[in-house]
Peer 1: 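Take a look at the following structure, please.
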Amino acid sequence: MSTIREIPEVAALRASRHLIRIPPEIDVPLTRRVRQLVDAPEFRRLANISQLGLVSLVYPAANHTRFEHSLGVYRMALLYLDRLADNDRFEAAVPPAAAERFLVAALLHDLGHWPFCHPIEDISLRQVPSHELFANSFLLEGELADILRHEWNIQPRDVVEMLTHKPADRCGRLLRSMLSGPIDVDKMDYLMRDSLHAGVPYGRNFDQPRLIQSLCLNEAGDTLAITDKGKTAAEMMVFARYVMFSEVYWHHAVRSATAMLQRAFFLLHPHLDVDSLFRLTEQPMIAALRNAAGDGPSAELLDGLFGPSRKLYKRVAQCSLFQEPALYERLARRPYPWLVRCAEQFAGLASRALSRVVAPHEILFDAPPVELEVEFQIEVFFPKEGCYRQLGDVSPVVKTLAKQQFDDYVKRVRLFAHPRLAADLRALPGLTDLLAQAIDLAT
Ligand SMILES: Cc1cn([C@H]2C[C@H](O)[C@@H](COP(=O)(O)OP(=O)(O)OP(=O)(O)O)O2)c(=O)[nH]c1=O
């Protein structure tokens with residue numbers, strides 16, 4: 001095999017047999033060695049982990065799995081390679097063997113995800129590994145590792161490196177930007193797929209084929225870029241991501257459910273064996289958490305999420321950076337245990353103000369996590385002028401939505417309370433002072 005187009009999987013893009021169908025009417029071509037990976041237990045596990053976790057409590061059809069998404073990402077990786085195979089600079093920089101490793105890395109990029117991975121990772125507990133690190137145990141040994149070695153002639157360690165390390169060489173940097181960057185194969189699939197299953201148009205409202213058609217290399221030749229033909233599609237993708245965050249991933253009821261799970265996990269984690277817990281699929285993990293909760297405070301939180309009736313905590317107060325910058329700045333990107341202390345202090349103050357017992361777990365503070373989202377920095381090539389410019393410099397939409405603190409626009413600070421308390425707390429005349437006092441006491 002001497003060219004990218006001769007890679008059997010890229011050639012199979014034009015095949016009419018051995019296809020897996022995924023929504024929306026997309027055929028993913030399978031070669032024998034791809035099927036072997038997809039059928040391996042480490043990959044099958046993803047068929048029992050939902051992509052969006054608690055989002056389905058708000059958007060009931062958002063039940064698609066990491067398995068479906070991974071197949072979508074793999075097909076997207078094939079389309080990227082097929083397009084870039086026409087690019088002389090790409091062909092010169094990326095040998096076919098490296099392109100094959102990229103395909104495998106795209107397919108396996110989510111192997112380390114466990115159920116409800118994002119909310120749990122976001123609270124940054126010492127005992128919780130990153131999902132990228134957790135993937136090592138599924139990638140480096142077992143059936144899947146044997147298939148990589150014997151059927152693909154790929155060392156599992158090289159896939160781990162491609163997914164987790166900052167590469168020093170040009171080829172590595174280029175492939176890495178296709179796996180994790182502003183227009184990576186992951187975002188291209190999940191924005192469309194999450195939007196489709198949630199039943200909203202926002203994440204699908206950009207011209208994917210046009211964007212793929214415009215893929216090229218940046219001026220230095222070590223990162224993915226686009227030509228000016230893809231500029232509008234890229235701007236609309238930035239907007240799609242912004243709206244998906246505000247309407248789906250950071251929807252207030254999704255955040256209520258997220259804050260409930262985070263507090264339950266935080267209360268339980270000293271008694272959990274996280275390594276074996278994270279190997280479970282979704283339903284067994286829920287059962288293990290509820291079992292560990294017994295009749296302690298986390299049981300009520302977990303029951304509201306996973307019990308026979310849905311009882312999400314209600315909003316008592318919320319603000320963005322623009323509404324209340326001082327309050328926002330005090331709560332955003334602070335360590336999670338400190339947010340729990342704020343909630344405990346607020347529960348004490350609220351007990352006095354309402355003259356009834358408010359238990360600490362009945363109050364939840366939710367705020368943007370420490371980790372910031374990826375910035376949308378991408379070069380645009382203007383062939384007529386023969387120059388490259390940053391998309392943010394030629395697009396007011398991107399400048400506003402992506403360059404300047406994407407997180408502060410879409411992620412709010414919120415105070416949630418148990419439904420039996422929320423209305424009374426909202427009616428308290430001194431609520432804002434109570435909030436400020438709780439933060440002072442926790443600091
Ligand atoms: C941030 C976030 C993402 N998600 C979903 C949206 C996507 O389907 C998926 C994205 O996460 P991943 O697939 O883990 O990818 P990522 O974190 O590398 O994403 P990005 O490149 O955007 O930084 O998780 C949530 O459900 N809740 C969240 O709070």
Side-chain angles (χ1 to χ4, degrees), residues 23 46 49-59 61-74 76-77 105-124 128-135 162-164 176-198 200 202-204 224 237-262 278 282 333 336 366-378 401-402 406-407 409-412 414:
L46 299 178
I49 297 179
S50 72
Q51 176 76 7
L52 295 181
L54 300 165
V55 171
S56 66
L57 286 166
V58 180
Y59 291 97
N63 278 312
H64 53 302
T65 63
R66 292 263 160 201
F67 183 91
E68 179 188 320
H69 163 65
S70 299
L71 288 172
V73 172
Y74 165 69
M76 197 53 76
L107 180 68
L108 305 180
H109 77 287
D110 267 353
L111 219 57
H113 264 269
W114 59 83
F116 315 112
C117 186
H118 274 291
I120 293 174
E121 266 186 337
D122 277 352
I123 59 180
S124 302
V128 174
S130 71
H131 68 267
E132 287 90 355
L133 204 69
F134 197 62
M162 193 174 256
L163 286 170
T164 53
R176 176 88 189 141
S177 73
M178 292 158 63
L179 287 168
S180 179
I183 46 169
D184 63 35
V185 286
D186 185 23
K187 285 182 198 60
M188 285 284 269
D189 185 78
Y190 81 62
L191 288 173
M192 174 274 291
R193 193 164 303 288
D194 294 349
S195 173
L196 175 77
H197 287 282
V200 297
Y202 317 121
R204 287 175 281 169
L224 199 61
M237 182 178 172
V238 174
F239 192 62
R241 187 147 172 268
Y242 165 75
V243 184
M244 283 301 283
F245 265 86
S246 83
E247 296 306 307
V248 179
Y249 312 139
W250 272 69
H251 181 285
H252 65 84
V254 171
R255 287 315 296 180
S256 164
T258 302
M260 290 169 72
L261 181 72
Q262 286 177 328
F278 293 168
E282 204 150 297
R333 284 178 274 289
Y336 185 76
D366 181 40
V370 178
E371 200 82 17
L372 290 170
E373 297 301 329
V374 176
E375 273 189 24
F376 208 101
Q377 302 256 37
I378 187 160
L401 286 182
F406 172 83
D407 294 62
Y409 287 74
V410 290
K411 298 183 178 177
R412 309 226 170 128
R414 295 189 171 104

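Both counts, for ligands and for their atoms, begin at 1 and track the order of listing.
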Peer 1: Give the contacting part of Asp122 toward ligand 1: side chain, backbone, both or neither, where contact means a heavy-atom distance below 4.0 Å.
Peer 2: neither
Peer 1: Would His64 and Arg193 count as a side chain to side chain contact (heavy atoms under 4.5 Å, CB included) if you check the C-alpha gap in whole Å, the side-chain angles of each, and the deciding distance to 0.1 Å?
Peer 2: CA-CA 8 Å; His64 53 302; Arg193 193 164 303 288; 3.8 Å; yes
Peer 1: Run the side chain to side chain contact (heavy atoms under 4.5 Å, CB included) check on Tyr249 and Met244 step by step: do they pass?
Peer 2: CA-CA 6 Å; Tyr249 312 139; Met244 283 301 283; 3.8 Å; yes
Peer 1: Considering non-hydrogen atoms only, spot the tightest contact between Met237 and Ile183 and give its length.
Peer 2: SD-CG2, 3.6 Å
Peer 1: Which heavy atom of Lys187 sits nearest a heavy atom of Gly181, and at what distance?
Peer 2: NZ-O, 2.8 Å
Peer 1: Do the ring centers of His131 and His109 come within less than 6.0 Å of each other?
Peer 2: no
Peer 1: I'd like to check whether Lys187 has a polar contact with ligand 1, where a contact means an N/O of the residue lying under 3.5 Å from an N/O of the ligand.
Peer 2: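 For ligand 1, there is an N or O atom that lies under 3.5 Å from one belonging to Lys187.
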Peer 1: Kindly identify the option in Tyr190, Trp250, Tyr249 whose heavy atom sits closest to atom 20 (P) of ligand 1.
Peer 2: Tyr190
Peer 1: May I ask whether His113 has any heavy atom positioned less than 4.0 angstrom from an atom of ligand 1?
Peer 2: yes
Peer 1: Quick one: which ligand 1 atoms are inside 4.0 Å of a heavy atom on Leu52?
Peer 2: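 So the atoms of ligand 1 that pass are 5 (C), 6 (C), 8 (O), 26 (O).
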Peer 1: Quick one: does Arg241 get within less than 4.0 Å of ligand 1, heavy atoms only?
Peer 2: yes
Peer 1: Could you tell me if the side chain of Val128 sits less than 4.5 Å from the side chain of Ile120, heavy atoms only?
Peer 2: yes
Peer 1: Please work out, at 4.0 Å between heavy atoms, whether the side chain, the backbone, both, or neither of Arg66 comes within that distance of ligand 1.
Peer 2: side chain
Peer 1: Can you sort out which atoms of ligand 1 are near Asp194, meaning under 4.0 Å from one of its heavy atoms?
Peer 2: 6 (C), 7 (C), 8 (O)
Peer 1: For a side chain to side chain contact (heavy atoms under 4.5 Å, CB included) check, start with the C-alpha distance between Leu57 and Val254, then their side-chain angles and the critical distance, and finish with the verdict.
Peer 2: CA-CA 7 Å; Leu57 286 166; Val254 171; over 6 Å; no
Peer 1: Any N or O of His118 that comes nearer than 3.5 Å to an N or O of ligand 1?
Peer 2: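 Yes, His118 has an N/O under 3.5 Å of an N/O on ligand 1.
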Peer 1: Is any N or O atom of Gln51, backbone or side chain, closer than 3.5 Å to an N or O atom of ligand 1?
Peer 2: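 So ligand 1 has an N or O lying under 3.5 Å from an N or O of Gln51.
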